[in-house]
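One structure is given here, and the rest of the page talks about it.
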Amino acid sequence: MTESKNPAPKSPKTPARPTLKAVRGTRDLLPDQTPLWNHVEATARALFARYGFGEIRTPIFETTELFARGVGEETDIVSKEMFTWDDGERFDKAMLYDWWTRSSGRISSAKQQSDGTFDAEVRYRSGTYELVAFHGRLDVETIRKVQESQRHLGHNPPAKKRIVVASSVPNKQEEHPGPDLVVEYAFGEFNRSSQSLTLRPESTAGVVRAYIEHQLGNTGNLQKLYYIGPQFRRERPQRGRYRQFWQIGAEVIGPQSSGAESPLRDAEILEMLASLLTELGIRDWRLELNSVGSSEDRVRYNAALRQALQPIKHQLCPDNQRRADTNPLRVLDSKDEADQDLINALPKIADYLGPESKAHFDQVLAALDACGIPYHLNPRLVRGLDYYTRTTFEFTVTTGLGTQNALLGGGRYDGLSEMLGGPRAPGIGFAIGEDRLILTLQAQAEADNTSTAPPKLDAYIAPLAPAQNPAALALARELRTAGLKVEVGDGAFKLRKSFDIADTLARHIILLGEDEVATNIATVKTFATGEQVKIPRAKLAEALTGIRSQPPNFVQ
RNA sequence: GCGGCUAUAGUUCAGUGGCAGAACGCCGCUCUGUGGCAGCGGAUGUCGUGGGUUCGACCCCCACUAGCCGCCCCA
């Protein structure tokens, strides 16, 4: 951008142009990071495929209503932690006028003001007078005037003198300008073309919406779906917590006849997650497991909890006192030291499970035992989203996350599809916090003194003079075509510099001077050994492939 | 949303109410087809932004912004 054409008037102190930065809670992943991310994602994709999962990609924004109904209106996520905006047209006076003009009737009077707004109008609509005031407030005087003008035009005022006013004041209310008149303000109607949209704070609701919308249940088959993508929550950034964060998740959902409700599915998901973490090299993970029962069980338990909390409430911290009233289940989540004993003494959900829920949970545990998957029953694991039923779980780790030690979480959501207006479709799913997974891998690698740095290139081609540049690029093309990872230097570089660069980037340096180009025999030096050999061009690719070391694992 | 800590060179960080610093990195030279070591030389900053106190502020005070950590909550 040139900026000198119209220089701003000189001020004694030219204010510095603020540097543009990634917005709060978002970040860039640079090439030294992305290989690890890709490794994680590729590992997950390959593993999910072995379990019969297919990828689903849903939009990163949905209607706000989807999350309100799915995740739960009263959850913190929906009530205060989403990126939500109004997608409607801007509400202004010109738009109001346009809307009324298009929608019905004729406009009997419209006095346009110099500023482009309109004073007042009246028209018939559905048997009543409707008066539209775009400008200023309605008073009795205005209304009388309008009624007068209607009579002059030969209209009789309707018997029922209810006047609907398009108001730019959002609070709908009524006024009584006179004994025979009621003025009703209608604001909401003019927003009807707008829609509240939200960047997805999680993906399960969107996936289930897609399941319903595309009638995947009608196939009769179990749907096994996975996704990898960004999510958005408007929270205060912290370690492992970003406003745009990434989740790797999967859902198993289907009609009851497909076996979607089987405890085997719960156990399979958990076993798959254990395999994934192990395959990624995550050590010391811990599976916390609980059953929050069916929705009926939960109602009974909630009641019991409220009752048990009532007498001891005053002994709890203020936060827990509040939760005791609003959402007793969340008291169980509390980390408040002083309250722990009291909380541990509260009734356990396990004692309130109906026979079906109990049997379901027992079968999950039996399948996990058969697979040799270790788990810890945690009667206080209730989780934050409204839609969870029966099995809920969390995998935690001890390395790298500080207090944000939950690596992934999930559970069963047997009623979610119905909540979204869909068919009965029990399901279970999970979401891995990919940012946290990466942090854990990096912290582990650091503890082990191993590197998560991307592997080096196979070769760096150093032309010794600008005259060899074309030959260098031609050779690079040849080697790259053969599948080697190659960088090309520049003949303008001094040899010392070429060596320096080459050593940081690649395992081999290929020297290309006049001799090498003339004879088609390259000089190749291996940094690890210091060994230098002459290799004919025709055998170069093969030779470099042969001495390529194993690609290092990211995490050992 | 609340609380604590932090913000100085590309990076990691010292620093003092009175000339802006180190290490690493970067560039050059010693050394024109053989680097990593060593020596010598060099560049780089509106000291986060805005205001205030002061003869004088990177330093003290206030506000803002951002980051980190914790709370809330969550993956």
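By convention in this document, chain letters (A, B, ...) are assigned in the order of the sequence lines, proteins followed by strands, and residues within each chain are numbered from 1. All figures in this text were calculated on a predicted structure; none of them were measured in a lab.
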Which nucleotide, in any strand shown, forms a Watson-Crick or G-U wobble pair with [N], with both distances under 3.5 Å?
N      : answer
G3(B)  : C69(B)
C31(B) : none
A63(B) : U49(B)
A22(B) : U12(B)

Distance, rounded to the nearest Å, where [X] contributes [atom1] and [N] contributes [atom2]:
X         : N      : atom1 : atom2 : value
Phe232(A) : A75(B) : CZ    : P     : 17 Å
Arg24(A)  : C68(B) : CZ    : C1'   : 11 Å
Gln321(A) : C72(B) : CD    : P     : 15 Å
Glu514(A) : U32(B) : CD    : C1'   : 13 Å
Gln238(A) : C2(B)  : CD    : P     : 15 Å
Gln231(A) : A75(B) : CD    : C1'   : 9 Å
Glu251(A) : A75(B) : CD    : C1'   : 13 Å
Phe499(A) : C31(B) : CZ    : P     : 18 Å

Subject >> Interatomic distance at C1', U65(B) relative to G21(B), whole Å >> reply: 27 Å
Is there a donor in the side chain of [X] and an acceptor in the side chain of [Y], or the other way round, less than 3.5 Å apart?
X         : Y         : answer
Arg380(A) : Asn344(A) : yes
Ser203(A) : Gln231(A) : yes
Thr440(A) : Gln444(A) : no

[X] near the nucleic acid: base, sugar-phosphate alone, or nothing, with a heavy-atom cut-off under 4.0 Å?
X         : value
Glu202(A) : nothing
Asp435(A) : nothing
Gly249(A) : nothing
Glu434(A) : nothing
Ser498(A) : nothing
Gly409(A) : sugar-phosphate

**OP:** Specify the residue among Phe395(A) and Arg236(A) whose closest nucleotide of RNA chain B lies further upstream toward the 5′ end.
**Re:** Arg236(A)
Original post:
Of Arg436(A) and Arg243(A), whose nearest nucleotide on RNA chain B comes first from the 5' end?
Top reply: Arg243(A)
Is the base of [N] touched by the side chain of [X] through a donor-acceptor pair closer than 3.5 angstrom?
X         : N      : result
Arg496(A) : U30(B) : yes
Glu516(A) : G33(B) : yes
Arg241(A) : A75(B) : no

Original post:
Judged by atom type as modelled, is there a donor-acceptor pair below 3.5 Å linking the side chain of Asn378(A) to the main-chain atoms of Glu288(A)?
Top reply: no
**OP:** Applying side-chain contact (heavy atoms from CB on, under 4.5 Å) between Val486(A) and each of Ile461(A), Leu475(A), Leu544(A), report the one that passes.
**Re:** Ile461(A)
Original post:
When you check the gap from the basic side-chain N to the acidic O, do Lys534(A) and Glu516(A) get nearer than 4.0 Å?
Top reply: yes
Between [X] and [N], is there a contact of a side-chain N or O with OP1 or OP2 at under 4.0 Å?
X         : N      : value
Gln532(A) : U34(B) : no
Lys494(A) : C29(B) : yes
Arg239(A) : C69(B) : yes

Subject >> Glycosidic class, syn or anti, of C40(B) using a 90° window around 0 >> reply: anti
